[in-house]
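Reading through the structure tokens given below for one structure.
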There are 2 protein chains.
Amino acid sequence: MATELIGQRMTSQRKLLLEIIRDAGGHLDADELFQKAKGRDPRISLSTIYRNLNLLKELDLVAERHFVEDHHHYELKDTAEHHHLVCRSCGEVFEFNSPLTPKMTKDVEETSQFQITDIEINMQGYCPNCPRDMHQESSI
Amino acid sequence: MATELIGQRMTSQRKLLLEIIRDAGGHLDADELFQKAKGRDPRISLSTIYRNLNLLKELDLVAERHFVEDHHHYELKDTAEHHHLVCRSCGEVFEFNSPLTPKMTKDVEETSQFQITDIEINMQGYCPNCPRDMHQESSI
DNA sequence: GTATTTATTGCGAATGCTTTGCATAAGCAA
DNA sequence: TTGCTTATGCAAAGCATTCGCAATAAATAC
Ligand SMILES: [Mn+2]
Ligand SMILES: [Mn+2]
Ligand SMILES: [Zn+2]
Ligand SMILES: [Zn+2]
């Protein structure tokens with residue numbers, strides 16, 4: 001576990017949150033994390049969840065995902081790079097990793113002259129179990 | 001102009017909002033649109049902006065972008081498909097379009113068995129005018 | 001082990017963005 | 001023009017996230 005990497009105080013709340021994120025296997029939002037944490041430490045507060053999520057983001061231990069929603073989802077960052085595909089109907093999240101990503105990044109770096117630090121690719125669609133909307137054409 | 005495509009009543013507020021989005025050339029958020037609209041119709045309300053943005057999204061006339069922020073940005077959808085690169089320092093938005101995107105989409109469709117309807121690619125980095133953070137390695 | 005220091009917590013209140021309820025206004029079809 | 005109904009403005013509510021502050025508890029020094 002990466003718990004030793006934190007350069008600040010290792011509080012019980014911090015340890016707990018990291019454990020929960022690790023065990024959940026990704027894509028939980030702040031409130032889901034809070035509910036799980038309360039199950040093990042009923043006195044924990046939602047502010048503590050948010051404060052520690054921000055810390056874990058800065059330490060690069062946790063990634064914040066911005067799906068097409070008004071709140072965010074979190075997952076451990078130590079896993080291999082990957083991107084996300086979310087079902088518009090049931091919400092299932094599929095992870096993928098494409099060898100084209102580094103090429104695209106390099107291309108964009110060259111044409112834009114930006115130094116790129118991060119990519120987030122979010123696709124939406126209908127999973128094999130969900131009824132497709134026949135009037136919705138692929139916009140790609 | 002696509003104003004005739006709307007299947008509902010063509011109110012002055014709707015026409016105004018669409019004009020502002022078209023003329024602005026993209027990437028404005030709801031409040032920026034509201035401010036510009038107020039300049040031309042001082043009685044317009046922010047609710048009207050949001051209600052019409054939602055309508056224009058449904059009609060596929062406007063795209064909502066989810067940069068790494070807690071609010072959204074809007075742009076006309078009738079332009080060619082493209083994606084975004086935002087400077088972490090000054091906020092400049094660079095648009096790009098990669099021929100690799102359709103390939104990647106096809107790949108993901110095959111391995112996932114999803115029917116993909118939308119892709120959003122958001123990159124972050126440092127633009128040519130902004131000081132780079134030397135400790136920040138490309139995570140790609 | 002105890003004291004000291006100071007980061008962190010819990011709580012409540014505040015903030016920022018977006019949606020909603022409702023009475024009034026204004027499109028639109030006849 | 002009338003009448004039906006959608007859309008608007010306004011104020012209030014709803015969510016997600018952050019902040020202020022007094023109390024708590026890690027870490028460190030004795
Ligand atoms: Mn993931
Ligand atoms: Mn754009
Ligand atoms: Zn599904
Ligand atoms: Zn810049």
Side-chain angles (χ1 to χ4, degrees), chain A residues 1-21 27-59 61-75 91, chain B residues 1-21 27-59 61-75 91:
Chain A
M1 1 190 156
T3 54
E4 305 81 18
L5 304 183
I6 296 182
Q8 350 279 324
R9 291 181 185 174
M10 178 45 63
T11 64
S12 61
Q13 294 91 335
R14 237 160 236 183
K15 211 177 304 185
L16 175 58
L17 178 59
L18 209 37
E19 267 178 50
I20 289 175
I21 294 177
H27 311 138
L28 298 193
D29 62 35
D31 197 66
E32 291 168 325
L33 292 167
F34 177 50
Q35 299 308 329
K36 293 205 183 239
K38 264 206 302 205
R40 293 219 252 151
D41 173 1
R43 289 194 39 70
I44 201 168
S45 111
L46 184 55
S47 316
T48 298
I49 301 293
Y50 276 111
R51 277 187 288 237
N52 282 314
L53 284 173
N54 286 335
L55 175 67
L56 295 172
K57 270 193 288 175
E58 273 158 32
L59 295 175
L61 293 174
V62 161
E64 181 179 79
R65 305 299 183 188
H66 310 86
F67 301 151
V68 182
E69 285 186 77
D70 51 353
H71 63 279
H72 305 150
H73 293 252
Y74 300 88
E75 66 182 335
Chain B
M1 4 194 156
T3 54
E4 305 80 20
L5 304 182
I6 296 182
Q8 349 281 322
R9 292 181 184 174
M10 178 45 62
T11 63
S12 61
Q13 294 90 337
R14 236 160 236 184
K15 210 177 305 182
L16 175 58
L17 178 59
L18 209 38
E19 266 178 49
I20 288 175
I21 294 176
H27 312 137
L28 298 194
D29 62 35
D31 196 66
E32 291 169 326
L33 292 167
F34 177 49
Q35 299 308 329
K36 292 203 185 242
K38 264 206 303 204
R40 292 219 252 151
D41 173 1
R43 289 196 38 71
I44 201 169
S45 111
L46 183 55
S47 315
T48 298
I49 300 295
Y50 276 111
R51 277 188 285 236
N52 282 313
L53 282 174
N54 286 335
L55 175 67
L56 295 172
K57 271 193 289 175
E58 273 158 32
L59 295 176
L61 292 175
V62 160
E64 181 179 79
R65 304 300 183 187
H66 310 85
F67 301 151
V68 182
E69 283 184 77
D70 51 353
H71 64 279
H72 306 149
H73 293 252
Y74 301 87
E75 65 182 335

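This structure is a prediction, so every number in the text was calculated from the model and none was measured. The basis for the numbers below is simple: all heavy atoms, side chains too, and nothing from hydrogens, waters or symmetry mates. All chains are named by letter (A, B, ...) in the order of the sequence lines, taking the proteins before the strands, and each is independently numbered beginning at 1.
- Counting to the nearest Å, the C1' atom of D:dA26 and the CG atom of A:N52 are 14 Å from each other.
- When rounded to the nearest whole Å, the span between CG of A:L55 and C1' of D:dT18 equals 15 Å.
- Nucleotide D:dT8 holds its P atom 12 Å from the CG atom of B:L53, rounded to whole Å.
- Ring pair B:F67/B:H27 is tilted by interplanar angle, where 30° to 60° counts as tilted.
- Residue B:R43 has no polar side-chain atom (N or O) positioned under 4.0 Å from OP1 or OP2 of D:dT8.
- Taking both residues in full, the closest heavy atoms of A:A37 and A:I49 are given as CB-CD1, 4.1 Å, listed atom of the first, atom of the second, then distance.
- Residue A:K57 qualifies as enclosed at atom NZ: its count of foreign heavy atoms under 6.0 Å is above 12.
- As a whole-Å value, the separation of A:Q35 CD from D:dA16 P is 11 Å.
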Distances under 3.5 Å between nitrogen or oxygen atoms of protein and nucleotides 18-20 of chain C:
unit_1, atom_1, unit_2, atom_2, d
C:dT18, OP1, B:H72, N, 3.4
C:dT18, OP2, B:Y50, OH, 2.1
C:dT18, O5', B:Y50, OH, 3.2
C:dT19, OP2, B:N54, ND2, 3.3
C:dT20, O4, B:S47, OG, 3.0

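- Between A:H73 and A:H71, the angle of the ring planes lies from 30° to 60°, which puts this pair in the tilted group.
- In terms of modelled atom types and a separation under 3.5 Å, the side chain of A:R14 and the main chain of A:R9 share a donor-acceptor contact.
- Atom NZ of B:K38 and atom C1' of D:dG9 are 13 Å apart (whole Å).
- Whole-Å rounding puts the A:L18 CG to C:dT8 P distance at 15 Å.
- Between B:L16 atom CG and D:dT8 atom P the separation is 11 Å, expressed in whole Å.
- Listed pair A:T11 / C:dT9 meets the phosphate criterion, a side-chain N or O lying under 4.0 Å from OP1 or OP2.
- Residue B:R14 has its side chain nearest to D:dT8 when only D:dT8, C:dG10, C:dA7 are considered.
- Panel note: side chain A:Q35, backbone A:E32; no donor-acceptor pair is recorded below 3.5 Å.
- No donor-acceptor pair under 3.5 Å is formed between the side chain of B:E58 and the backbone N or O of B:L55.
- For the pair A:Q13 and C:dG10, the criterion of a side-chain N or O lying under 4.0 Å from OP1 or OP2 is met.
- Atom pair B:F34:CZ and C:dG16:P shows a separation of 16 Å (rounding to whole Å applied).
- In this model, a side-chain donor or acceptor of B:R9 finds a partner on the base of D:dT5 within 3.5 Å.
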